[in-house]
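Written out below as C-alpha cells is the structure these notes cover.
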Amino acid sequence: MIKKIVKLLAGDAKNPLDSEIFHQMTLIAFLAWVGLGADGLSSSAYGPEEAYRALGQQYHHLALYLAIATSLTVFIISASYNQIIEFFPSGGGGYVVASKLLGQGPGLVSGSALVVDYMLTISISVAAGVEALFSIPHWESHKLITEMIILWLMIGMNLRGIKESITTLLPIFLVFVATHLLLIGLGIFVHLANLPMILTATATETSDIVGNKGIFAMLGLLLTAYSMGGGTYTGIEAVSNGLGILREPRVQTGKRTMLYMACSLAFTAGGILLLYMLWDTQVSAGQTMNAVLIDQIFGSWNIGGIAVGKGIAVITLASEGALLFIAAQAGFVDGPNVLATMAVDSWIPHRFANLSNRLVRKNGILVMGIAAWGILYVTQGKIDELVVLYSINVFVTFSLSQLSMCKHWLQVRHQQGDWWSRLAVNGLGLILTVTILISTTIIKFRQGGWLTMLITGGFIVLCIYIRKHYGDTRLALKRLDEMLVDLSIPSTETTVLVPDPAGPTAVLLVNAYSGLGIHAIFSMRKLFKQQNFKNLIFVSVGRIDSAKFKGIEEIENLRAKVEQDLKRYVDLAQRMGYAADFRMSLGIDVPTEIAKLCDEVALKYSDPIYFSAKLIFARENLMNRFLHNQTSMEIQRRLLFQGQQMIVLPIRVL
C-alpha cells in the first residue's frame, strides 16, 4: 500500500537509458524563463519595496534614480553572466567558475554561499508569497501554517520532476506577466502628463539635499537604498547554474533565457519603483507596498459603471503571491544542482550526486526543503528578517564569479582580441556586486547578517571535514591500488577456461577495477580455501548519477568504462586459474540492478555464492555510515529474501 501511494505521488520511474529522455526532460528557453527566471522576476515583490523604504518618505522622489540604477544593474549583471554561460556551457554557475579560475578555496566559499542562498530563496519566496496573498483577507494567524503546507507541496511536486512542476505552475506565471504589464503600463500612463512636474520635483529635492547636507550625504542615502534593494538582483545567476536542464544548444538557450529574464526583471522592478514615486505609495500595516500600490491603481477602476478594478487587483496580487512560489523553484532546481556538483568534488556526501527513479536529485530536494522549513519556523516567516539573511550570500557568489572572469580575461589577453570589452563587462559587474556586498554586509551585519555568515561559515567547516575524510579514505585505498592493481601473475593455463554452469561458482560484486576489488578476491580465496571455486563471475553496475546524466555520450562512456574494468577483472581471474566471466548493467538504483543481475547468474549457475567488499573503519561512527553508502548490506538483505546467500568481506581501511 505504501509503495502504491508513493508511486501515485511521485509518478512512474523514468528510464535513464531511453534515447529520448534528455529531449523530454530538458527545457526550452520559455519554460526555463518560468522555472529559473521566476526567481529574479519575483524579487520585484520585495526588492523595490526595501529600497524605497530606505529612502524614507521625505526623499521619495530619489526613487527615480533608483529605478534607473536598478534597471541598468540588472542588464549589466545579466550581460556578465552571459559570458559565464559561454565559458562554462556545462553549468555549475558560481561554484564551478570560482573553483576552476580561482581555486578550491574560493570555489568552496562560493558553493557554500550558493547552497545557503538557495535555502533562503525557498524560504523567502514562500514567505513573501503568503504575505502577498494574505494582504487580501488579513489572516495573520494562519500565515506560518500555510507556508509550511505550501513548502511540503512544492517538495512533492519537485520529486515528480522539474519539468512537470514548472509546467504545472506555468499559468500562474503568465497571469503575473499579463497583470503586471497592465499595472505598470496603466500606472505610468495615468501620470504621463505629470512627468515634467515630477522631473522638476526630483531635481529640486536633489538640490535641497545637496545644499543642506552635501553631495556625499545624498550619495550615501542612495547607496544605502540601492544596497537594501539588493534582493532585486537575486536569481540572475540561476540560469548559469541550471544550464544542465536546458535544451541543446544549451549556450544559446541559456542566453535567450537570460535575455527574457533581464528584460522582464528590469521592466518590472524599475517600473514598480517608479510607480511608488508617481503614486506616492505609503506603507500600510498588514499589507505589502505592492498591495497598496495595486489597490491605488486598480481599486477605483470602473468600466461601463462596473467596478472591475477590485477583481483585477485581487488577481494581480494573487498572481504576485503565487509567482513567489514559482520562484522557490530556483532553489529546488539549482540548490540540488550545486549540492550534486560539490558531491562529485567530495565536499559533501557522495549520495547527493545520486538520482531518484524520476531522475531528480531527491536527496538535494529534501535537504533544501527541510532546511527551508527550519528557517521559516525559526524566523516565523517574517520577511524583514529573511531579507536580511538573504541578500549577503548571493553577492558573495556574484563577486567571486565576476572576479574569476576578470582574472580569466586578463590571462587570455594575448590570445583573445576582444578581451578588453569582455573584461569591461565583468569588471563593471564586479564593481557593482562588490559595492552592494560591502554595503549590505555593513548595513545588515548587526541586524542579523552575522547569522548568515555564521551559518555559511559552519557549512564551509563541515565541507572541509567531509573532504578530509574522503581524502584520507582515498589515500588508504590508493595504497591498495599501488600494491595490487599491477600484479604480475603469470597465467596457469594455456587455454582460456570457460565457466561450467554445474561447477562451484563464486560471484563477486565489484565497482571500478581497483585494489579494493582485487583485495576482495584474495580475501575470498583465503577464507574459503576448501570451497575450491572453479568459476568466478564478476558483477558490476555503472551508477548513472548527476555527473553522468548529461547526455547519451556520457552514458555510453560510462558503459565502456564499466565493461573495460570488468574485462580486466576477468583477465586477472583467468591468470589465477579461474574460469571467469562478467555481467553488467547501468542504472540509477545500484542494489536493484545488482539483484536483477544476480538473478540472471542464479538461472545459469547452480548454487552460486555471492561476495561483496565493505570498508571497515577503526572508529565506526554515524558520520562514517552516512558518508559511505551501505550498498553491500542492502544487496545482502535483498538477496537473502530472494533465497540466495551473500557474504560481505570486510576490508580494513583506516
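Basis for what follows: all heavy atoms, side chains included, without hydrogens, waters or symmetry-related copies.
When all heavy atoms are compared, the tightest approach of A328 to V126 is CB-CG2, 4.4 Å. Contact detail for T268 and S44: the closest heavy-atom pair is CG2-OG, 3.4 Å. The two residues L339 and F459 have their closest heavy-atom pair at CD2-CZ, 4.4 Å. Across all non-hydrogen atoms, the minimal contact from A266 to S71 is O-OG, 3.2 Å. The shortest non-hydrogen separation linking I84 to S401 is CD1-CB, 3.9 Å.
Using a 4.5 Å heavy-atom threshold, the side chains of F173 and V177 count as touching. At least one side-chain heavy atom of W347 sits less than 4.5 Å from a side-chain heavy atom of Q104. In this structure the side chain of E320 reaches within 4.5 angstrom of the side chain of H180, judged on heavy atoms. The closest side-chain heavy-atom distance from L64 to L274 is below 4.5 Å.
The line from OG of S421 to CH2 of W409 is 8.5 Å long, rounded to the nearest 0.5 Å. Put simply, CG on L275 and CG on L183 are 6.0 Å apart, with the number rounded to the nearest 0.5 Å. The CE atom of M368 sits 8.5 Å away from the OG atom of S123 when rounded to the nearest 0.5 Å. Taken from CZ in R361 to CG in N337, the straight-line distance is 4.5 Å, to the nearest 0.5 Å. Atoms CD1 and CG, on I76 and L432 in that order, are 5.0 Å from each other to the nearest 0.5 Å. Atom CG of residue L265 and atom OG of residue S42 lie 9.0 Å apart, to the nearest 0.5 angstrom.
The main-chain N or O of L627 is found under 3.5 Å from a side-chain atom of Y470 such that the two form a donor-acceptor pair. Between the side chain of R422 and the backbone N or O of W419, no donor-acceptor pair lies under 3.5 Å. A donor-acceptor pair under 3.5 Å links the side-chain atoms of S319 to the main chain of T316, judged by distance alone. With T253 contributing its side chain and R247 its backbone, the two residues share a donor-acceptor pair below 3.5 Å. Remark: the backbone N or O of E237 is paired with a side-chain donor or acceptor of S240 at under 3.5 angstrom. A donor-acceptor pair under 3.5 Å links the side-chain atoms of T433 to the main chain of L430, judged by distance alone. Counting only distance, with no hydrogens or angles, the side chain of R351 and the backbone of A343 share no donor-acceptor pair below 3.5 Å. Of the possible donor and acceptor atoms, none in the side chain of T397 sits under 3.5 Å from a partner among the backbone N and O of A113. The backbone N or O of L101 sits less than 3.5 Å from a side-chain atom of K407, completing a donor-acceptor pair. A donor-acceptor pair under 3.5 Å is absent between the side-chain atoms of T440 and the main chain of L437, judged by distance alone.
In this model, no donor atom of one side chain and acceptor atom of the other lie less than 3.5 Å apart for S439 and Y226. Under 3.5 Å, the side chains of S346 and H350 contain a donor-acceptor pair of N or O atoms. Of the N and O atoms on the side chains of T456 and N393, at least one donor lies less than 3.5 Å from an acceptor on the other residue. If you check the side chains of T232 and T70, you find no donor sitting under 3.5 Å from an acceptor. Looking at Q402 and S80, their side chains do bring a donor and an acceptor atom within 3.5 Å of each other.
Scanning for side chain to side chain donor-acceptor pair (under 3.5 Å) contacts around E50 gives an empty result, with sequence neighbours left out.
Applying the salt bridge (Lys or Arg N to Asp or Glu O under 4.0 Å) rule to pairs touching residues 218-230 yields nothing, sequence neighbours excluded.
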**OP:** Decide yes or no on side chain to side chain contact (heavy atoms under 4.5 Å, CB included) for I28 and R256, but give the supporting numbers first.
**Re:** CA-CA 10 Å; I28 60 174; R256 192 177 302 116; over 6 Å; no
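Between Y52 and Y276, the ring planes are tilted. Angles from 30° to 60° get that label. Classification of the F395-Y233 ring pair by plane angle, with boundaries at 30° and 60°, yields perpendicular.
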